[in-house]
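So the structure is just underneath, and the comments pick up after that.
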Number of protein chains: 2
Amino acid sequence: MRLTTKGRFAVTAMIDLGMRQQRGPVTLAGISERQKISLSYLEQLFGRLRRHGIVDSVRGPGGGYTMARPMVEISVADIIRAVDEPIDATQCGGLGNCHDGHECMTHELWINLNEHIYRYLEGVDLASLVETQLSKQAEAGSRKDERRVLGTAELKAVVNG
Amino acid sequence: MRLTTKGRFAVTAMIDLGMRQQRGPVTLAGISERQKISLSYLEQLFGRLRRHGIVDSVRGPGGGYTMARPMVEISVADIIRAVDEPIDATQCGGLGNCHDGHECMTHELWINLNEHIYRYLEGVDLASLVETQLSKQAEAGSRKDERRVLGTAELKAVVNG
DNA sequence: ACAATAGTTGACTAAATTAATAGGGTTTAG
DNA sequence: CTAAACCCTATTAATTTAGTCAACTATTGT
């Protein structure tokens, strides 16, 4: 498991999509403008998301992207897996052609760590992220001058759902 | 927070170090050979680890590296932070010069996720990783001929949890 | 004390991978 | 038929990873 800006962009874009898809397909051009992510880059990312069955596309005018399944069933891990592609982090190519116990060490260790991080990200679903974001936005709208910043404790609560 | 092979190499090397430092300073040449990581690359990594006060170096013959503090007090997060360096993942440079609610979205979201992953990795200390590894090694030593190799399906299962 | 040796340190370079951009092609509603 | 959208592929730019080389430092054997 790799964690880079690519995955971050993808998650951000997916949240944007989640916030608007009720009004029909969402265009990449819109996401691009709102989130300040280059259109061509978004196209690449959504190509992958589509091929992984996470989003559906509608072509032609009035088209765009929608979620392929309920947002509760889409985890951050799904998204990152889709855009960040395979990677084997072990010398031995993941197929155990290690020669002594030591070489295998790296192997197992990272498989374990991977599993842990995945497990965590698997537990964070898009629905809750979108909900958080929507409520935050609504709140900000109701009192514009008093711009709000979350404290650390609050942040934790938010992320944990 | 970024998660790449660089951090993985660093953690692997640190575990190797942890498994041997009781017999005095451990040389990078040894780690290099055992873990199959290029010596020069290790030098770079340990330069950073040293500057971050995670390891101490002893120069001259019989020299090498040792932990700068008890392994229980060294977390995976510490190691990754040391080698993977700065990064701000937000458009607005992390200083909140965002102009509207949307731009800030990315910002907060990723700060939250970062914090979480860090918190998790902060909870994994080197001592336990080393211990696991040592016991696993001992176990392998007791039954040498029955070398076990995972099949692809098994691997998949392991990785996916 | 002196040379040889084992080891770290840091600067620089090259290769490989990733991220991002650009520019065309394809489908479809109106 | 045309404009709005997705869809692909190639190219460029940036970052990471890896490797090289030449000091510098401390120990040890003589």
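In what follows, chains carry the letters A, B, and so on, assigned in the order in which the sequence lines appear, proteins first and then strands, with residues in each chain numbered from 1.
- In terms of the side-chain contact (heavy atoms from CB on, under 4.5 Å) criterion, residue partners of B:S57 (sequence neighbours excluded) are, by chain and number, B:R50, B:Y65.
- Between A:T4 and the phosphate of C:dA19, there is a side-chain N or O to OP1/OP2 separation shorter than 4.0 Å.
- For B:S57, counting side-chain heavy atoms from C-beta on, the closest listed nucleotide (C:dA20, D:dT27, C:dT8) is C:dT8.
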Worked check of side-chain contact (heavy atoms from CB on, under 4.5 Å) between A:Q35 and A:I15: CA-CA 10 Å; A:Q35 305 302 334; A:I15 293 176; over 6 Å; no

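- A:R2 places a side-chain N or O within donor-acceptor distance of the main-chain N or O of A:D84, the cut-off being under 3.5 Å.
- In this structure, CG of A:L42 is placed 14 Å from P of C:dA22, rounded to the nearest angstrom.
- B:Y41 has its OH atom 16 Å from the C1' atom of C:dG10, to the nearest Å.
- Every pair passing salt bridge (charged side-chain N to carboxylate O under 4.0 Å, His left out) that includes a residue from residues 56-77 of chain B is listed here, sequence neighbours excluded: B:R69-B:D78.
- Note on B:L39: nothing from the nucleic acid sits closer than 4.0 angstrom, heavy atoms only.
- Sequence neighbours left out, not one pair with a member in residues 11-37 of chain A passes ring-ring contact (aromatic ring centres under 6.0 Å, His included).
- Atom CG of A:D84 and atom P of C:dA20 are 11 Å apart (whole Å).
- At the phosphate of D:dC8, OP1 or OP2 sits under 4.0 Å from a side-chain N or O atom of A:R51.
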Name the pairs: protein N/O against N/O of nucleotides 21-23 of chain D, kept only if under 3.5 Å.
none

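- Note: CG (A:D56) to P (D:dC6) measures 13 Å, nearest angstrom.
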Would you list the atom pairs, donor with acceptor, under 3.5 Å between side chains in residues 37-47 of chain A and any protein atom, with sequence neighbours excluded?
from  : atom 1 : to    : atom 2 : distance (Å)
A:S38 : OG     : A:Y41 : N      : 3.1

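- Rounding to whole angstrom units, CZ of residue B:F9 and C1' of D:dG19 are separated by 13 Å.
- Rounded to whole angstrom, the span from the NZ atom of A:K6 across to the P atom of D:dT15 amounts to 16 Å.
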Going by atom type alone, with no hydrogens or angles, which donor-acceptor pairs under 3.5 Å involve a side-chain atom of residues 121-130 of chain B and a protein atom two or more places apart or on another chain?
from   : atom 1 : to     : atom 2 : distance (Å)
B:E122 : OE2    : B:R81  : NH2    : 2.8
B:D125 : OD1    : B:S128 : OG     : 3.2
B:D125 : OD2    : B:A127 : N      : 3.4
B:S128 : OG     : B:D125 : O      : 2.9

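- A sub-4.0 Å separation between OP1 or OP2 of D:dG19 and a side-chain N or O of B:S38 is present.
- In the set C:dA29, D:dT27, D:dC6, D:dC6 carries the atom at the smallest distance from any side-chain atom of A:Y65.
- Between A:R50 and A:G60, it is A:G60 whose nearest contact on DNA chain D lies nearer the 5' terminus.
- When heavy atoms are screened at a 4.0 angstrom cut-off, A:G47 is found touching no nucleic acid atom at all.
- B:I37 places its CD1 atom 11 Å from the P atom of D:dG19, with the value rounded to the nearest Å.
- In this entry the distance linking CZ of A:R8 with C1' of C:dA20 reads 17 Å, nearest Å.
- If you check every strand for non-hydrogen atoms under 4.0 Å, B:F46 touches nothing.
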